[in-house]
Amino acid sequence: MKQSRPKNSWSLATFELFRPGWECWACGMNTRDCGHHIFGRGRKEGCEKSPLNFAPMCNHKCHLPRHGYWKTIDGQKFLFKKTLDYLAKIEYTLTERDHEFLEKYKERINLLKIK
């Protein structure tokens, strides 16, 4: 059986954007050790590796046990808002990939009703 790597893994640069403090978006502790794809990985390599789709988490404490919740509207809203606020705070400049991501997921993002 062919094993393949998961699609849309983030670059080292994306991980570095979220390095300060190692804060987990779920528990707030400085013990995060993974990233969660807020809107999923997508079916093929593409815009899902945007930092806008990144939520730092503690894998075994916060990510895996609550993975189903993080995929709900409420879970996505919480994580996406934290990511947007963080990227605004560090004055992140959107890239072409980020614009592709926002276009692809605009309907889902509109459902979140983030102000």
Side-chain angles (χ1 to χ4, degrees):
M1 187 161 148
K2 182 181 176 188
Q3 295 276 334
S4 64
R5 253 187 83 158
K7 302 280 189 271
N8 294 307
S9 295
W10 292 287
S11 68
L12 183 57
T14 297
F15 279 103
E16 290 297 319
L17 280 174
F18 294 87
R19 179 177 291 279
W22 290 87
E23 179 186 350
C24 171
W25 275 186
C27 69
M29 306 218 19
N30 67 346
T31 53
R32 69 100 170 165
D33 57 2
C34 79
H36 171 72
H37 288 81
I38 300 169
F39 295 98
R41 288 183 174 269
R43 295 182 188 262
K44 59 183 181 175
E45 202 69 23
C47 64
E48 286 79 10
K49 62 176 69 175
S50 163
L52 295 170
N53 196 29
F54 186 92
M57 294 188 152
C58 305
N59 197 35
H60 294 288
K61 184 173 83 173
C62 300
H63 180 225
L64 297 176
R66 299 191 70 205
H67 195 264
Y69 172 73
W70 299 126
K71 293 172 68 173
T72 67
I73 290 285
D74 290 338
Q76 288 178 337
K77 180 176 184 174
F78 175 81
L79 296 175
F80 191 59
K81 174 126 178 51
K82 294 266 300 183
T83 295
L84 289 178
D85 290 347
Y86 176 79
L87 292 174
K89 183 176 121 186
I90 65 167
E91 298 180 352
Y92 175 74
T93 302
L94 296 178
T95 66
E96 184 62 34
R97 176 173 285 141
D98 299 326
H99 289 289
E100 290 171 19
F101 174 81
L102 291 170
E103 179 62 27
K104 181 174 181 178
Y105 290 96
K106 69 181 173 188
E107 290 178 24
R108 185 69 176 179
I109 292 168
N110 286 336
L111 286 175
L112 303 180
K113 297 181 179 163
I114 294 174
K115 296 177 182 175

(request) Provide the closest heavy-atom pair for Pro51 versus Thr83 in the form atom of the first, atom of the second, distance. (result) O-CG2, 3.4 Å
(request) Of all the heavy-atom pairs spanning Cys58 and Cys24, show the shortest one and how long it is. (result) N-SG, 3.4 Å
(request) Would you please classify the geometry between the Phe54 ring and the Phe15 ring as parallel, tilted or perpendicular, with 30° and 60° separating the classes? (result) perpendicular
(message) Quick check: closest heavy atoms across Glu48 and Gly40, and the distance to 0.1 Å?
(response) CG-O, 3.4 Å
(request) Give me the one residue out of His37, His60, His36 that meets ring pair (Phe, Tyr, Trp, His ring centres under 6.0 Å) with His67. (result) His36
(request) Spell out, as yes or no, whether a donor-acceptor pair under 3.5 Å connects the side chain of Asn8 to the backbone of Lys44. (result) yes
(message) Which residue in the set Leu84, Ile38, Asp74 passes side-chain contact (heavy atoms from CB on, under 4.5 Å) when paired with Leu79?
(response) Ile38
(message) Same cluster or not: Phe18 versus Leu94, using hydrophobic residues (I, L, V, M, F, W, Y) connected whenever any side-chain heavy atoms lie under 4.5 Å apart?
(response) yes
(message) Please tell me whether Trp10 and Trp22 are part of a single hydrophobic cluster in this structure, the criterion being side-chain heavy atoms less than 4.5 Å apart.
(response) no
(message) Could you report the tightest heavy-atom contact between Tyr86 and Pro20, atom names first, then the distance?
(response) OH-CD, 3.6 Å
(message) Taking Trp25 as the starting point, is it possible to reach Tyr69 by hopping between hydrophobic residues whose side chains are less than 4.5 Å apart?
(response) yes
(request) Output all residues satisfying side-chain contact (heavy atoms from CB on, under 4.5 Å) with Phe39, sequence neighbours left out; order by chain, then residue number. (result) Asn53, Gln76, Phe80, Phe101, Tyr105, Arg108, Ile109, Leu112
(message) Restricting to non-hydrogen atoms, name the atom on Lys77 and the atom on Lys113 that form the minimum distance, rounded to 0.1 Å.
(response) NZ-O, 3.7 Å
(message) Using every non-hydrogen atom in the two residues, find where His63 and Trp70 come nearest and quote the distance to one decimal.
(response) O-CD1, 3.8 Å
